[in-house]
Enquirer: 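Have a look at the structure that comes next, please.
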Number of protein chains: 2
Amino acid sequence: MLRRAAIKPALPTVVLKEFRGYASGYSTEHKEPSRPVVKTEIPGPKSKALFKEMDAIQQCGSVQLFTDFEKSAGNYIADADGNILLDTYTQISSLPLGYNHPKLLTAFQNDSDIRALVNRPALGVFPAVDWPSKLRDVLLSVAPEGLTQVMTMMCGACSNENAYKAAFIRYAINKRGGATTFTEEEMKSALENKPPGAPNLSIMSFKAPLLQGAFHGRTFGSLATTRSKAIHKLDFPSFDWPVAMFPHYRYPLEEFKCENEQEDKKCLAYVCELFEAWQQKSPIAGVVIEPIQSEGGDNHASPEFFQELQKICAANGAALILDEVQTGCGPTGKMWCHEHFNLPCPPDMVTFSKKMLTGGYYAKPLYKPPQAFRIFNTWMGDPSKLTMLDTVLKVIKTDKLLDLVQESGRVLKCGLHDLECEFPNIINSVRGRGTFLSFDVSSAALRDKIIATLKKNGVLGGTCGNAAIRLRPSLIFAPKHAEIYLDILRKTLQELNQGAKC
Amino acid sequence: MLRRAAIKPALPTVVLKEFRGYASGYSTEHKEPSRPVVKTEIPGPKSKALFKEMDAIQQCGSVQLFTDFEKSAGNYIADADGNILLDTYTQISSLPLGYNHPKLLTAFQNDSDIRALVNRPALGVFPAVDWPSKLRDVLLSVAPEGLTQVMTMMCGACSNENAYKAAFIRYAINKRGGATTFTEEEMKSALENKPPGAPNLSIMSFKAPLLQGAFHGRTFGSLATTRSKAIHKLDFPSFDWPVAMFPHYRYPLEEFKCENEQEDKKCLAYVCELFEAWQQKSPIAGVVIEPIQSEGGDNHASPEFFQELQKICAANGAALILDEVQTGCGPTGKMWCHEHFNLPCPPDMVTFSKKMLTGGYYAKPLYKPPQAFRIFNTWMGDPSKLTMLDTVLKVIKTDKLLDLVQESGRVLKCGLHDLECEFPNIINSVRGRGTFLSFDVSSAALRDKIIATLKKNGVLGGTCGNAAIRLRPSLIFAPKHAEIYLDILRKTLQELNQGAKC
């Protein structure tokens with residue numbers, strides 16, 4: 001092993017062969033296939049055998065296929081059976097640069113990065129000497145304007161939970177008139193999980209009547225704000241917390257402007273009602289909302305809705321927490337989706353994970369807890385994820401990937417609009433920003449059939465909500481990939497249309 | 001960068017120089033200093049400057065010093081100011097092989113391991129082709145007997161939360177007489193966070209009257225079972241869940257055998273009372289307990305206590321969840337601390353993190369949820385952590401580190417007993433297994449003084465509970481390190497003793 005290492009370049013050999021054409025300005029021509037390659041049914045026999053093996057060890061009914069990471073490249077995922085699919089779902093929207101990006105494969109060449117990887121510190125107690133500068137140069141370099149604080153975490157769920165904690169801490173300080181000390185009774189009752197130490201405070205989240213609502217994670221605090229699917233929540237005790245209504249728009253937006261404005265007003269009025277109604281029972285310390293409800297069905301709300309919501313939160317002394325776990329890091333064509341909303345001032349907190357590779361949240365200085373150890377855990381994130389994020393952010397900049405997302409998004413959206421005209425009985429309500437796009441299918445059963453047929457035809461897609469298909473390609477998804485996607489989607493819809501007619 | 005990589009061996013140069021003497025059978029002579037080196041006060045001027053830098057970005061009042069990972073080696077942590085301390089706390093007990101272990105520094109030499117690192121998959125949906133075998137060959141190779149299932153997670157808190165979920169799921173199935181389907185009412189109410197879909201079920205945990213109690217994490221579900229310090233819980237809403245009493249023993253155990261047996265009985269009787277009392281209000285679906293309450297003060301309970309507790313859980317249809325986040329992976333001289341307890345049958349679940357490098361839990365097959373997506377999140381752990389864990393487990397085996405832990409533990413414990421005889425007015429109640437040792441100090445203030453003086457004298461130590469000092473060295477802590485520790489502790493106690501007499 002050591003002998004081999006001493007003469008072997010750290011860049012994996014397969015990469016040297018396949019990626020030699022890589023240069024600034026994203027190019028995939030030297031590594032990706034020109035089109036998907038489907039050799040077997042999916043999952044094929046090898047994936048099925050692996051499934052059986054894994055099923056003996058854990059519940060893995062959610063597994064779709066087993067990935068061959070050696071053969072996956074760029075926008076293409078390869079599976080155990082030699083199938084190579086155009087990936088528009090990218091590990092649940094969490095691969096910023098696709099598969100085996102050469103810059104990521106070589107991100108751990110420095111001794112110091114390898115050390116950061118294998119000597120994982122307790123970042124809240126003994127961080128590395130370069131940690132403050134990494135927080136500043138990597139994470140704060142892309143912070144939403146006005147948010148000067150950042151905490152690193154492990155995943156989206158605990159990022160949200162810790163943002164909720166910061167909101168509760170701030171709310172409690174305000175309630176104490178600014179005091180940051182505790183009474184004996186508070187200290188004692190907190191340990192007993194009872195008020196006043198563990199007070200009845202709440203976080204408001206959003207359901208989407210007739211659709212599926214918010215998704216903020218699955219740990220018990222974040223799960224209490226998740227309102228998408230019953231299966232995530234069944235049999236688990238939860239908090240009695242308020243749930244507002246997310247706007248339910250009709251598409252195309254231009255046609256239903258008036259109706260959708262009314263919908264905004266109705267939903268905002270209900271938010272105000274809830275603040276009032278919960279004041280006695282369990283005051284609302286924070287409001288958590290996705291800029292686009294993703295798992296819930298790619299439900300959008302207007303910039304005006306978010307602007308008004310921010311005003312209401314401010315008026316009620318509640319933190320506005322934007323959950324950008326799925327929308328953050330570029331897929332809407334801007335680094336943060338809420339940049340599309342022209343908010344008059346920064347949101348209070350913005351949480352992230354997925355494409356950011358590390359979890360965490362940005363916050364206004366007001367949300368910095370006055371005491372240590374209140375937003376804390378052993379690891380507080382993972383420095384090796386910042387090594388990778390640093391690379392990702394540099395590639396986004398150098399290769400102008402936000403521009404690429406906008407360009408590919410235009411091609412995709414335009415093509416999807418054509419398809420909704422061509423197949424009005426099957427798909428409708430094309431929507432989204434950048435490549436963060438989606439459309440509805442006339443029924444859940446048909447949606448699932450489209451996804452299965454797309455896969456057979458070489459495209460891995462994602463679903464969301466009741467009957468929607470969501471696109472979550474990597475940031476390196478180029479117009480040529482959009483054309484391939486649209487071509488295969490058209491073929492798929494034609495197949496299903498003909499099948500229906502037969 | 002690429003050019004350099006192509007001619008550079010992946011093994012960092014500093015290691016090649018310092019680790020050349022490494023061979024099977026643990027030896028540190030070629031990399032560690034022979035003794036600690038203290039050049040400045042701690043934190044020194046450079047750490048203080050870095051603290052200021054970090055404090056502008058986040059609340060970091062918990063930071064003790066900034067680590068220089070280039071200069072840290074084996075059992076010695078180096079800081080920004082050139083101080084090199086013998087580390088008996090090891091990043092809150094989370095470094096299995098100390099700093100810059102040569103086998104870990106070279107763990108990512110394979111192309112496939114680098115790919116697993118940079119293409120982090122959604123393990124519940126598109127795992128790598130080698131994932132089932134990694135789960136089996138790495139994680140299941142050290143599974144507690146009888147626990148054939150394993151789920152990977154991100155950290156200790158979410159490992160516990162997901163074990164709680166598995167307990168709730170099983171309890172609810174039993175309540176439905178084995179049925180695994182849901183009613184319309186359950187589906188609807190679950191989304192509203194209300195019974196019957198989100199039922200009033202609970203997890204029992206343990207406080208330690210007069211001491212500090214259980215620590216199971218800080219996300220909202222795990223925090224509801226944490227009973228150690230008010231500051232962790234203040235201002236956060238929580239679940240009204242039952243809290244039992246952890247035995248409070250008197251030391252030395254041989255002298256107080258009878259009293260401690262009575263204590264066991266009293267605490268077990270109270271557990272039974274709680275099961276009865278909570279049956280109507282919020283039935284207890286699981287009991288979570290640390291084999292040694294760590295953050296709470298290194299509180300121990302007898303094997304008999306755990307044996308009886310297991311019987312009570314079984315009789316009440318509640319899962320017994322052993323939280324081995326801190327005790328797991330060898331520090332007590334066995335892979336899992338509960339192996340010391342001679343339980344007549346396996347515990348229902350065992351959770352892990354820290355030295356295991358990945359979070360997760362082992363479970364009996366009974367706790368495999370019947371449906372997919374109920375124990376789930378985007379990442380479900382991180383394959384790169386298994387790459388490292390694989391290396392760690394191999395080193396533990398090859399270098400017989402469990403034997404080393406037992407040997408070093410004997411030296412340490414024996415020396416600590418000598419010191420409690422020598423300084424009876426300062427320290428007492430030496431206790432523990434392997435190198436997972438601790439002792440009490442006559443007051444919290446004096447404990448903090450000892451920790452500060454130890455640091456000045458070259459030893460980084462950890463505290464816990466009201467007035468305890470805990471030892472959490474890595475598994476490579478050898479008898480010679482124990483001698484250095486004991487020597488510096490004696491010097492420290494002498495210093496403080498003389499100070500008190502002056």
Side-chain angles (χ1 to χ4, degrees), chain A residues 5-6 9-12 50 53-54 57-59 61-62 64 66-69 80 91-92 99 104 109 111 115 118-119 121-122 124-126 128-129 132 135 149 151 154-155 161 168-169 172 187 190-191 193 197-198 201 218-221 230 233-238 368-369 372-373 377-378, chain B residues 5-6 9-12 50 53-54 57-59 61-62 64 66-69 80 91-92 99 104 109 111 115 118-119 121-122 124-126 128-129 132 135 149 151 154-155 161 168-169 172 187 190-191 193 197-198 201 218-221 230 233-238 368-369 372-373 377-378:
Chain A
L11 185 65
L50 287 167
E53 209 181 312
M54 188 154 157
I57 299 170
Q58 60 181 229
Q59 166 56 260
S62 50
Q64 288 191 30
F66 287 83
T67 309
D68 183 337
F69 283 103
Q91 306 293 337
I92 320 183
Y99 295 93
L104 278 176
Q109 301 263 308
D111 296 359
R115 279 195 209 95
V118 306
N119 299 301
V125 196
F126 312 104
V129 290
L135 288 175
Q149 304 286 302
M151 296 299 291
M154 313 282 288
C155 67
E161 292 225 351
F168 288 131
I169 291 171
M187 306 270 280
L191 278 168
N193 297 5
L201 293 176
R218 293 161 175 275
T219 47
F220 283 79
K233 293 164 73 84
L234 276 155
D235 298 337
F236 307 143
S238 193
K368 179 179 180 175
F373 291 109
N377 56 56
T378 296
Chain B
L11 187 65
L50 287 167
E53 209 180 313
M54 187 154 157
I57 299 171
Q58 59 182 230
Q59 166 56 260
S62 50
Q64 289 192 29
F66 287 83
T67 310
D68 184 337
F69 283 103
Q91 306 293 336
I92 319 182
Y99 295 94
L104 278 176
Q109 300 263 311
D111 296 0
R115 278 195 212 97
V118 305
N119 299 302
V125 196
F126 312 104
V129 291
L135 288 175
Q149 304 285 303
M151 297 298 292
M154 314 281 289
C155 67
E161 292 224 351
F168 288 131
I169 290 171
M187 306 270 280
L191 277 168
N193 297 4
L201 293 176
R218 294 161 175 275
T219 47
F220 284 78
K233 293 164 72 83
L234 276 155
D235 298 337
F236 307 143
S238 193
K368 179 179 179 177
F373 290 109
N377 56 56
T378 295

Enquirer: Is there a donor-acceptor pair under 3.5 Å between the side chain of B/S62 and the backbone N or O of A/G124?
Expert: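 Yes: the side chain of B/S62 pairs with the backbone of A/G124.
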Enquirer: Sort out for me which of B/M54, B/M151, B/K233, B/R218 touches chain A most, counting heavy-atom pairs under 4.5 Å.
Expert: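 With the most close heavy-atom pairs to chain A, the winner is B/R218.
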Enquirer: How far apart are the closest heavy atoms of B/Q91 and A/T378, and which atoms are they?
Expert: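 Closest heavy-atom pair between B/Q91 and A/T378: O-CG2, 4.1 Å.
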Enquirer: Donor-acceptor check, side chain of A/E161 to backbone of B/T219, threshold 3.5 angstrom: yes or no?
Expert: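 Looks like no, no N/O pair under 3.5 Å.
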Enquirer: If we define contacts as heavy-atom pairs under 4.5 Å, which of A/A172, A/G221, A/P132, A/G61 has the most with chain B?
Expert: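 Most heavy-atom pairs under 4.5 Å with chain B: A/P132.
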Enquirer: Among the options B/P121, B/C155, B/P237, pick out the one with the most heavy-atom pairs lying under 4.5 Å from chain A.
Expert: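 That would be B/P237.
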Enquirer: Of all of B/L50, B/N119, B/L104, B/N377, which one pairs up most often with chain A through heavy atoms under 4.5 Å apart?
Expert: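 Ranked by heavy-atom pairs under 4.5 Å with chain A, first place is B/N119.
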Enquirer: I want to check something: taking the side chain as every heavy atom from C-beta on, are B/I169 and B/P369 in contact at a cut-off of under 4.5 Å?
Expert: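 When only atoms from C-beta onward are counted, B/P369 and B/I169 do touch, with a gap below 4.5 Å.
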Enquirer: Hey, are the side chains of A/V129 and B/F69 touching, using non-hydrogen atoms and a 4.5 Å cut-off?
Expert: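 Result no, sub-4.5 Å side-chain heavy-atom pair not found.
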Enquirer: Tell me which of these, A/Q149, A/M187, A/E53, has more heavy-atom pairs under 4.5 Å with chain B than the rest.
Expert: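 So the answer, after comparing A/Q149, A/M187, A/E53, is A/Q149.
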Enquirer: A/L234, A/L201, A/L135: which one forms the most heavy-atom pairs within less than 4.5 Å of chain B?
Expert: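 Highest number of heavy-atom pairs under 4.5 Å: A/L234.
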